[in-house]
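All ligand and atom numbering here is 1-based and tracks the order in the structure. Quick caveat, the model's predicted, so the values are computed rather than measured.
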Amino acid sequence: MASRKLRVLMATAEMGPFAKVGGLGDVLGALPKALFDKGVDVRAIMPLYGFIDRRKFHIRRIAGLSEQAIIVGDHEFNVQYFRSNIPESKVQVFFVECDELFDRDGVYADPASGMTYGDTTTRFILFSKAVVDFLKMGVFTPEILHLHDNQASLIAAMLRGPNAEPELAKIKILLTIHNLEYQNQCDLGYVNEAGLDPSLTHPGGPLEFYGRLNFLKAGIVYADKLSTVSETYAAETLRGPDAGFGLEGVLQSRGADYRGIMNGADYAAWDPANDKWLVKTYSARNLAGKPANKKALLEKSRLPTDDLGQPVVGVISRLVYQKGIDLIVASLEEIFSRDVLLVVLGTGDPAYSGALREAEAKYPTRLAVHLEYNEELAHLIVAGSDALLIPSRFEPCGLNQLYGLRYGTIPVARRTGGLADTIQDYAPETDQGWGFLFDSFDTDGLVGALDEALAVYNDSERWKALMKRAMGLDFSWNVSAEKYKQLYLELVNG
Ligand code: ADP
Ligand code: GLC
């Protein structure tokens with residue numbers, strides 16, 4: 001069995017650089033490339049959203065495949081399949097075109113209003129059915145279908161439930177859960193729209209969750225194996241509802257089929273020595289370029305630039321419950337009683353953006369708030385800040401801390417999920433570690449960790465050594481991609 005190539009198809013709602021909302025897009029843009037380099041024939045399938053630039057990404061219709069009519073409920077949708085590659089790679093990507101549902105400006109929500117699209121359930125039932133149809137067409141016949149998050153989870157029920165196609169039964173299914181909070185719960189009636197057997201919705205049945213249909217639960221029940229994106233988060237989600245969001249019991253029932261595999265960072269996209277969005281590149285050996293980025297960031301943020309020695313703390317985040325934005329806002333008075341500047345970049349819940357805007361008006365010379373999705377600015381914040389603040393309530397993996405470390409921008413973060421697994425808390429006695437962790441989700445916890453960071457920052461030799469230590473760490477995808485490959489082998493070898 002030595003040189004047999006594993007064939008894997010990933011199904012996802014996000015994939016960088018085509019469509020990214022958060023870390024899921026980062027992972028899908030990088031993990032397939034790392035697996036391909038390990039000899040896995042991995043490809044991916046995703047919706048062809050209207051905002052994706054077909055010309056720039058060379059996205060072409062798949063020759064020889066005719067338009068398909070896919071029925072969801074009593075509505076018939078026209079679907080066509082397209083293909084391209086992840087840029088500068090040999091990884092093929094297939095796209096599901098269905099203009100009625102996907103020709104939009106956003107992935108999940110309208111960027112102008114921030115409102116989630118009202119037909120989310122129909123959109124991802126259609127996507128799931130289109131993936132099943134695509135498998136039947138034989139353009140690519142995977143041994144393993146690797147599903148990501150709730151948007152692709154229903155495919156597992158379609159391939160395994162009583163109405164399943166026998167010829168697809170051989171395909172093994174891995175579901176990777178990037179976030180238990182997002183499950184897509186909807187009216188039970190959608191079971192019929194999805195063409196699934198209504199008898200599966202009896203109380204406690206595979207598709208039923210407190211009287212509703214739950215996409216993620218269906219995936220957890222039907223996938224052959226399950227993973228999530230860090231070991232600590234895997235343990236936390238089994239422990240109770242704080243991280244399991246009601247699905248902890250279903251996860252427990254899967255026993256050893258569920259495990260954590262840490263995400264990696266894509267150093268092709270995130271490398272301070274080679275980053276087109278920086279004002280000046282720099283490296284661990286030559287840090288001289290970093291202050292120019294700090295100055296540019298402060299100018300862009302309309303914050304004072306007269307003292308570049310003043311520590312700058314950055315926040316890059318979806319503005320949602322998970323991320324502890326409310327804790328940042330509640331802690332601002334304490335934070336600004338220290339000598340720091342704070343730059344926040346994010347979009348999301350209007351309650352959090354409103355509170356941040358208000359705070360910005362109150363602290364105009366200390367706080368800058370950028371309420372937008374802006375990749376270039378995200379890179380400048382990672383390069384131009386001294387520290388990144390990540391006070392998450394829970395964090396399946398988190399990628400910003402990995403990017404920060406590579407750029408010598410030290411994470412101040414809550415000890416949870418992947419943050420706990422990737423950040424070694426700094427110990428003053430031994431001068432070891434590469435970040436500052438806190439446990440209790442309150443202002444004392446947050447500013448306690450911030451104070452420890454500032455104490456080291458004020459000792460410039462120690463801080464410099466800390467930056468260099470952080471920049472020398474290796475969180476590339478290599479090790480994690482190998483773990484996925486081993487999991488695939490376990491699946492195909494039974
Ligand atoms: P999550 O997936 O929960 O949002 P991660 O830390 O895994 O958290 O990944 C977030 C990704 O999204 C990072 O690449 C981060 O830089 C990016 N990101 C988040 N908000 C923004 C924004 N407003 N503009 C640009 N990039 C953003
Ligand atoms: C989710 C999680 C985040 C993780 C990302 C990629 O969005 O919130 O912690 O890094 O997925 O796996």
Side-chain angles (χ1 to χ4, degrees), residues 10 12-17 19-31 106-109 111 114 146 148-151 175-183 216 227-234 236-237 243 245 260-267 269-270 275 277 314-325 343-349 352-353 356 368-383 385 388-407 409 411 413-414 416-423 475 477 480 484:
M10 298 201 183
T12 177
E14 289 179 46
M15 179 172 213
K20 165 178 159 180
V21 176
L24 177 63
D26 290 17
V27 170
L28 267 293
L31 172 60
V107 174
Y108 312 117
H146 186 167
H148 293 270
D149 273 351
N150 78 73
Q151 297 85 4
L175 168 64
T176 295
I177 302 165
H178 296 259
N179 196 325
L180 252 303
E181 187 184 6
Y182 303 111
Q183 303 177 358
L216 192 61
S227 72
T228 188
V229 290
S230 72
E231 285 177 21
T232 293
Y233 185 66
E236 287 168 349
T237 52
F245 287 92
I261 301 179
M262 179 66 66
N263 285 334
D266 184 1
Y267 293 138
W270 293 92
D275 184 329
W277 282 317
V315 175
I316 305 160
S317 185
R318 292 182 295 114
L319 304 178
V320 295
Y321 170 82
Q322 171 190 350
K323 302 291 182 178
I325 305 300
V343 179
V344 181
L345 168 65
T347 59
D349 188 333
Y352 297 129
S353 33
L356 285 165
V369 176
H370 303 271
L371 298 176
E372 59 183 316
Y373 184 86
N374 184 335
E375 273 184 54
E376 179 172 354
L377 185 54
H379 282 248
L380 191 62
I381 292 176
V382 173
S385 305
L388 290 183
L389 180 58
I390 314 175
S392 306
R393 281 191 167 81
F394 65 93
E395 195 60 74
C397 179
L399 294 168
N400 281 318
Q401 79 277 16
L402 303 183
Y403 305 149
L405 290 167
R406 195 57 158 194
Y407 284 65
T409 304
R414 183 132 183 281
T416 180
L419 297 167
D421 289 354
T422 53
I423 299 171
F475 286 105
W477 268 105
S480 302
Y484 278 106

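- Taking all heavy atoms of Y373, W270, Y182 into account, the minimum distance to atom 27 (C) of ligand 1 is reached by Y373.
- At a heavy-atom cutoff of 4.0 Å, ligand 1 is contacted by both the backbone and the side chain of L399.
- Y233 places no side-chain N or O within donor-acceptor distance of the main-chain N or O of T416, the cut-off being under 3.5 Å.
- Of the protein's heavy atoms, R318 NE, 2.6 Å lies nearest to atom 4 (O) of ligand 1.
- Judged by distance alone, with hydrogens and angles left aside, the side-chain atoms of N263 form no donor-acceptor pair with the main-chain N or O of V229 at under 3.5 Å.
- Contact annotation for E372 and ligand 1: only backbone heavy atoms (N, CA, C, O) come within less than 4.0 Å of the ligand.
- Residues H379 and Y407 form a side-chain contact, since some pair of their non-hydrogen atoms from C-beta on lies under 4.5 Å apart.
- Residue H178 holds its NE2 atom at 7.0 Å from OG1 of T12, rounded to the nearest 0.5 Å.
- Below 4.0 Å from some heavy atom of P396 lie the following atoms of ligand 2, by number and element: 2 (C), 8 (O), 9 (O).
- Below 4.0 Å from some heavy atom of V27 lie the following atoms of ligand 2, by number and element: 6 (C), 12 (O).
- The protein atom (non-hydrogen) at minimum distance from atom 2 (O) of ligand 1 is G23 N, 2.6 Å.
- Considering only heavy atoms from C-beta on, Y182 stays 4.5 Å or farther from F245 through its side chain.
- Within ligand 1, the atoms closer than 4.0 Å to a non-hydrogen atom of Y403 are 14 (O), numbered from 1 in the order shown.
- Residue G418 places every heavy atom at 4.0 Å or more from ligand 2.
- In this structure, Y403 and D26 have side chains that are in contact, with non-hydrogen atoms separated by less than 4.5 Å.
- For the pair L380/W277, no side-chain contact is recorded, criterion being any heavy-atom separation below 4.5 Å from C-beta on.
- Within the 4.0 Å heavy-atom shell around ligand 1 one does not find H370.
- For N400 (side chain) and I390 (main-chain N/O), no donor-acceptor pair under 3.5 Å exists by modelled atom type.
- Residue contacts with ligand 1, taken as heavy atom pairs separated by less than 4.0 Å, do not involve H178 at all.
- Within the 4.5 Å cutoff, the side chain of L319 has heavy atoms near those of the L371 side chain.
- The shortest N/O to N/O separation between V21 and ligand 1 does not fall below 3.5 Å.
- Less than 4.0 angstrom separates some heavy atom of G23 from each of these atoms of ligand 2: 5 (C), 6 (C).
- Nearest protein neighbour of atom 10 (O) of ligand 2, counting heavy atoms only, is G398 N, 2.8 Å.
- Only the side chain of N263 comes within contact range of ligand 2, with a heavy atom under 4.0 Å; no backbone atom does.
- Of the protein's heavy atoms, E395 OE2, 3.4 Å lies nearest to atom 3 (C) of ligand 2.
- Closest heavy-atom approach to atom 8 (O) of ligand 1 among the candidates E395, K323, E375: K323.
- Among all protein heavy atoms, the one lying closest to atom 8 (O) of ligand 2 is Q322 NE2, 3.0 Å.
- Counting heavy atoms from C-beta on, the side chains of S230 and E395 never come closer than 4.5 Å.
- Listed by number with element, the atoms of ligand 1 under 4.0 angstrom from any heavy atom of G398 are 6 (O), 7 (O).
- Considering only heavy atoms from C-beta on, S480 comes within 4.5 Å of M262 through its side chain.
- The closest approach between any non-hydrogen atom of Q322 and ligand 1 is below 4.0 Å.
- Remark: ligand 2 and K323 share no N or O pair separated by less than 3.5 Å (distance only, no angle test).
- Those atoms of ligand 2 with a heavy atom of N179 less than 4.0 angstrom away are 8 (O).
- Of the protein's heavy atoms, H178 O, 3.2 Å lies nearest to atom 2 (C) of ligand 2.
- Put simply, the side chain of R318 never gets that close to the backbone of K323: no donor and acceptor are under 3.5 Å apart.
- Scanning D266, I316, V27, T347 for the heavy atom closest to atom 19 (C) of ligand 1 points to I316.
- More than 12 heavy-atom neighbours from other residues, nucleotides or ligands sit within 6.0 angstrom of CD on Q322.
- Between L175 and L216 the shortest side-chain heavy-atom distance falls below 4.5 Å.
- Protein heavy atom at the shortest distance from atom 14 (O) of ligand 1 is D26 OD2, 2.7 Å.
- The protein heavy-atom contact nearest to atom 16 (O) of ligand 1 is N400 OD1, 3.2 Å.
- Only the side chain of V229 comes within contact range of ligand 2, with a heavy atom under 4.0 Å; no backbone atom does.
- The side-chain contact (heavy atoms from CB on, under 4.5 Å) with W270 is formed by just one residue from the set L405, V382, L399; it is V382.
- The local environment of OH in Y321 is sparse, with at most 12 non-hydrogen atoms from other residues, nucleotides or ligands closer than 6.0 Å.
- The single protein non-hydrogen atom nearest to atom 24 (N) of ligand 1 is N374 N, 3.0 Å, given as residue, atom name and distance.
- By the 4.0 Å heavy-atom criterion, C397 is excluded from the residues contacting ligand 1.
- The side chain of R318, and not its backbone, has at least one atom closer than 4.0 Å to an atom of ligand 2 (non-hydrogen atoms only; side chain from C-beta on).
- Taking CG of L419 as the reference point, atom CD of Q401 lies at 4.5 Å (rounded to 0.5 Å).
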